[in-house]
4 protein chains.
Amino acid sequence: MTDEARLPVPQRLLAAATRLFADQGYDRTSVQEIVEAAGVTKGALYHYFGSKDDLLHEIYGRLLRLQQERLDAVAGREASVESRLRDAAADVVVTTIDNLDDARIFFRSMHQLSDEKQKQVRAERRRYHERFRALIEEGQRGGVFTDATPADLVVDYHFGSVHHLSSWYRPEGPLSPQQVADHLAGLLLRALRP
Amino acid sequence: MTDEARLPVPQRLLAAATRLFADQGYDRTSVQEIVEAAGVTKGALYHYFGSKDDLLHEIYGRLLRLQQERLDAVAGREASVESRLRDAAADVVVTTIDNLDDARIFFRSMHQLSDEKQKQVRAERRRYHERFRALIEEGQRGGVFTDATPADLVVDYHFGSVHHLSSWYRPEGPLSPQQVADHLAGLLLRALRP
Amino acid sequence: MTDEARLPVPQRLLAAATRLFADQGYDRTSVQEIVEAAGVTKGALYHYFGSKDDLLHEIYGRLLRLQQERLDAVAGREASVESRLRDAAADVVVTTIDNLDDARIFFRSMHQLSDEKQKQVRAERRRYHERFRALIEEGQRGGVFTDATPADLVVDYHFGSVHHLSSWYRPEGPLSPQQVADHLAGLLLRALRP
Amino acid sequence: MTDEARLPVPQRLLAAATRLFADQGYDRTSVQEIVEAAGVTKGALYHYFGSKDDLLHEIYGRLLRLQQERLDAVAGREASVESRLRDAAADVVVTTIDNLDDARIFFRSMHQLSDEKQKQVRAERRRYHERFRALIEEGQRGGVFTDATPADLVVDYHFGSVHHLSSWYRPEGPLSPQQVADHLAGLLLRALRP
DNA sequence: GATGAATGAGTATTCATTCAT
DNA sequence: TATGAATGAATACTCATTCAT
């Protein structure tokens with residue numbers, strides 16, 4: 001609170017909204033609660049954001065941009081496809097856990113965005129999905145991964161487990177984010193062995 | 001509609017609520033919409049259900065009971081642990097797809113249940129989780145599955161992909177429910193190879 | 001108030017809205033003021049009326065129907081065209097004064113109706129206008145009225161003065177509604193002398 | 001727009017406000033819309049005008065001063081009272097049509113002025129009304145106009161039709177402003193024939 | 001069993017105005 | 001002169017639930 005209180009108003013609003021949306025869900029969080037938590041008035045919120053929906057969209061955008069950047073970096077590296085896929089699979093787990101509030105909102109409240117913004121988000125997610133799938137297909141073509149399962153399905157298999165993290169992962173649990181990431185990447189790579 | 005119109009009132013309400021909750025989400029669906037879709041009045045709804053929350057809880061219960069029964073049946077069969085796990089993993093995929101509206105509600109609206117009912121649901125899900133985990137541990141102890149990854153994490157890995165089905169599976173897509181189930185069970189079993 | 005308090009809720013709301021819209025204008029009157037004046041809650045208002053706009057529309061409809069009926073009756077009588085026009089011209093003045101609140105709302109707030117409802121009202125007013133114009137044209141064809149001025153313009157001339165009544169007429173003034181009506185009808189008829 | 005963009009800021013604001021008030025009504029037009037249309041900021045508006053109300057008052061003042069000047073000029077001419085009344089009656093029609101946006105605002109939004117400013121405007125209109133009435137009374141005393149109708153009522157009769165212009169006159173219609181003016185003045189003069 | 005009128009607390013959003021810069 | 005962030009009160013409308021019939 002004392003930390004956040006020093007931030008500029010828009011960031012303060014975004015931080016408050018993120019916490020509340022993650023805890024209570026988008027529909028259950030009122031604009032009034034957000035502005036109270038941020039220590040500003042409604043007028044200030046609507047000065048910076050066009051609507052409650054805009055806040056949600058901005059939270060999505062933040063996480064999407066972060067993960068897309070990291071995937072692009074990892075996938076573009078000079079290394080074996082196995083190594084790149086393992087790193088990509090593990091990295092998305094770590095960054096999801098590091099931004100667990102954002103992730104929880106992402107998977108729980110996406111369908112509460114306006115139709116128009118939902119379309120936009122879906123397009124960005126598709127780009128992410130396709131980049132990831134390309135890695136798998138590269139390995140399948142090279143024979144280092146089995147092609148027993150269509151690459152699309154493999155992507156959905158892995159991302160299901162990433163989404164699910166926000167349902168069960170607790171920071172106070174026995175496994176560090178990196179350990180969880182290594183395990184989940186390991187499962188994926190083993191499932192792809194020819 | 002003509003089918004549903006013949007059902008007894010409580011079932012008609014449940015069917016209408018399921019469709020609407022799946023399409024719009026729990027919070028976005030008003031009691032008025034439900035009773036209109038079911039062709040009854042508010043008084044009738046409150047005659048059979050104590051609250052809007054009760055409807056949601058009943059929808060959960062229906063799916064949970066179904067999947068628990070099927071898991072118990074499969075896990076109790078006389079067969080190798082590999083065969084039983086493969087069947088259990090595939091079965092939950094098929095029944096999830098067969099009840100995709102219920103599943104969508106399950107994963108999207110659970111946190112909108114009252115705290116008390118949420119606790120109850122969580123307890124039932126834990127029972128399901130534990131039964132599934134026991135199968136994996138059995139295989140690990142017998143050496144037919146690797147124990148590189150803790151059984152708990154494996155369960156979460158698989159159930160992540162099951163939850164995720166309601167985000168991407170479309171009946172009009174190229175894969176039948178059984179085909180998807182076989183692929184996902186295959187991935188799980190391959191990941192568990194020693 | 002004691003009178004109105006006994007009326008059914010919808011009429012009570014309409015009476016309260018009429019008084020307030022006439023006094024303060026549509027935009028300056030809040031739904032809260034209306035329900036307080038009617039002694040009910042907002043929920044009750046929205047139970048009977050879909051929107052604030054609906055109240056306004058209903059007030060219009062009431063006056064329009066009344067005046068259309070009376071014009072049709074007068075114009076359809078067996079009498080000279082001069083006599084029928086004089087009666088019609090005077091009658092609309094009297095009923096406007098008798099419903100001065102409705103009339104004030106009519107001329108001051110029509111453009112605050114939703115576009116869709118405005119269209120509807122305009123169509124109904126056109127019907128009224130045309131019936132009135134037909135009387136004038138009948139007299140012009142028969143030579144009892146001059147055709148120096150197009151009938152359309154004559155109708156607008158007269159209705160201008162009718163609309164204007166709500167700006168200046170005061171019940172406590174020196175002229176009774178009937179006296180005002182006779183004078184205004186007299187002016188019209190004199191202006192139409194060949 | 002390019003024309004207006006060159007005007008000094010206060011005139012630009014007044015021009016934008018006039019257009020918007022005429023189109024949407026005073027209450028439906030926000031200060032934000034006005035400053036955006038004028039290409040300035042809120043601070044600038046409040047630098048030149050004390051309030052939104054002031055803009056409306058200034059628009060009134062502009063039209064009132066114009067019409068008062070013209071009436072004084074016409075009424076003071078050396079000519080028969082018939083000729084002066086005809087010219088005055090026609091002139092107010094032409095200047096109303098030439099400033100139809102102002103006129104629309106005048107008749108539609110006057111009651112949205114603050115009480116104090118409304119009083120001021122009413123006093124100025126009364127002066128106008130009285131000057132016009134004096135012409136009619138002059139003709140009645142001289143026997144060139146009938147005194148069958150009180151002069152006050154005759155003024156209201158004519159001004160009703162002037163107010164009404166903003167409801168029906170369209171520049172693209174068949175009659176020019178001068179033609180409409182001649183017709184309406186003709187009706188008035190015929191109605192006053194002894 | 002079932003109705004539907006009524007409640008009352010809640011929702012997101014708008015807006016004229018102020019004021020430190 | 002002019003900015004634009006911020007206020008605070010108001011706005012129309014929604015909704016789960018109750019209850020007399």
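Chain naming here is simple, since letters A, B, ... match the order of the sequence lines and numbering starts at 1 in each. Every heavy atom of this structure was used, including side-chain atoms; hydrogens, water molecules and symmetry mates were not.
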(message) Counting primed atoms plus P, OP1 and OP2 as sugar-phosphate and everything else as base, spell out the protein contacts along nucleotides 7-14 of chain F at 4.0 Å heavy-atom distance: B, S or - for each nucleotide, 5' to 3'.
(response) BB--SBBB

(request) Go through the side-chain N and O atoms of C/R62 and C/T18 and say whether any donor and acceptor fall under 3.5 Å apart. (result)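 Short answer, yes.
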
(request) Starting from Watson-Crick (N1-N3 plus N6-O4 or O6-N4) and G-U wobble pairs under 3.5 Å, report the runs of at least three that DNA chain F belongs to. (result)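 Paired runs of 3+ in DNA chain F: E:2-21 with F:2-21.
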
Length of the line joining [X]:[atom1] and [N]:[atom2], which is rounded to integer Å:
{"X": "C/R12", "N": "E/dA6", "atom1": "CZ", "atom2": "C1'", "answer": "12 Å"}
{"X": "A/E36", "N": "E/dT11", "atom1": "CD", "atom2": "P", "answer": "10 Å"}
{"X": "B/I34", "N": "F/dA16", "atom1": "CD1", "atom2": "P", "answer": "8 Å"}
{"X": "B/L13", "N": "E/dT3", "atom1": "CG", "atom2": "P", "answer": "10 Å"}

(message) Can you pull out every salt bridge (Lys or Arg N to Asp or Glu O under 4.0 Å) where at least one residue sits in residues 24-34 of chain C? Sequence neighbours excluded, please.
(response)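 Qualifying pairs: C/D27-D/R28, C/R28-D/D27.
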
(request) Could you pull out all residues at least two apart from D/F107 that satisfy ring-ring contact (aromatic ring centres under 6.0 Å, His included)? (result)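 By the ring-ring contact (aromatic ring centres under 6.0 Å, His included) rule, D/F107 matches D/H163.
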
(message) Using the ring-ring contact (aromatic ring centres under 6.0 Å, His included) criterion, which residues pair with B/Y60? Sequence neighbours excluded.
(response)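 Partners of B/Y60 under the ring-ring contact (aromatic ring centres under 6.0 Å, His included) test: B/F106.
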
(request) List for me each residue that meets side chain to side chain donor-acceptor pair (under 3.5 Å) alongside C/E124, sequence neighbours excluded, and say none if there are none. (result)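 Testing C/E124 for side chain to side chain donor-acceptor pair (under 3.5 Å), a comparison that skips the adjacent residues, returns none.
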
(request) With sequence neighbours left out, write down each residue that passes side chain to side chain donor-acceptor pair (under 3.5 Å) with B/D54, or none if nothing qualifies. (result)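 Side chain to side chain donor-acceptor pair (under 3.5 Å) list for B/D54, sorted by chain: B/K117.
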
(message) Using a heavy-atom cut-off of 4.0 Å across all strands, would you classify B/F49 as base, sugar-phosphate, or nothing?
(response)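 Since no nucleic acid heavy atom lies under 4.0 Å of B/F49, the category is nothing.
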
Could you list the donor-acceptor pairs under 3.5 angstrom formed between side-chain atoms of residues 39-48 of chain C and any protein atom two or more places apart in sequence or on another chain?
from: C/K42; atom 1: NZ; to: C/Q32; atom 2: OE1; distance (Å): 3.4

(request) Any ring pair (Phe, Tyr, Trp, His ring centres under 6.0 Å) involving residues 17-38 of chain C? Give me the pairs, sequence neighbours left out, ordered by first then second residue. (result)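 Sorted result for residues 17-38 of chain C: C/F21-C/Y26.
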
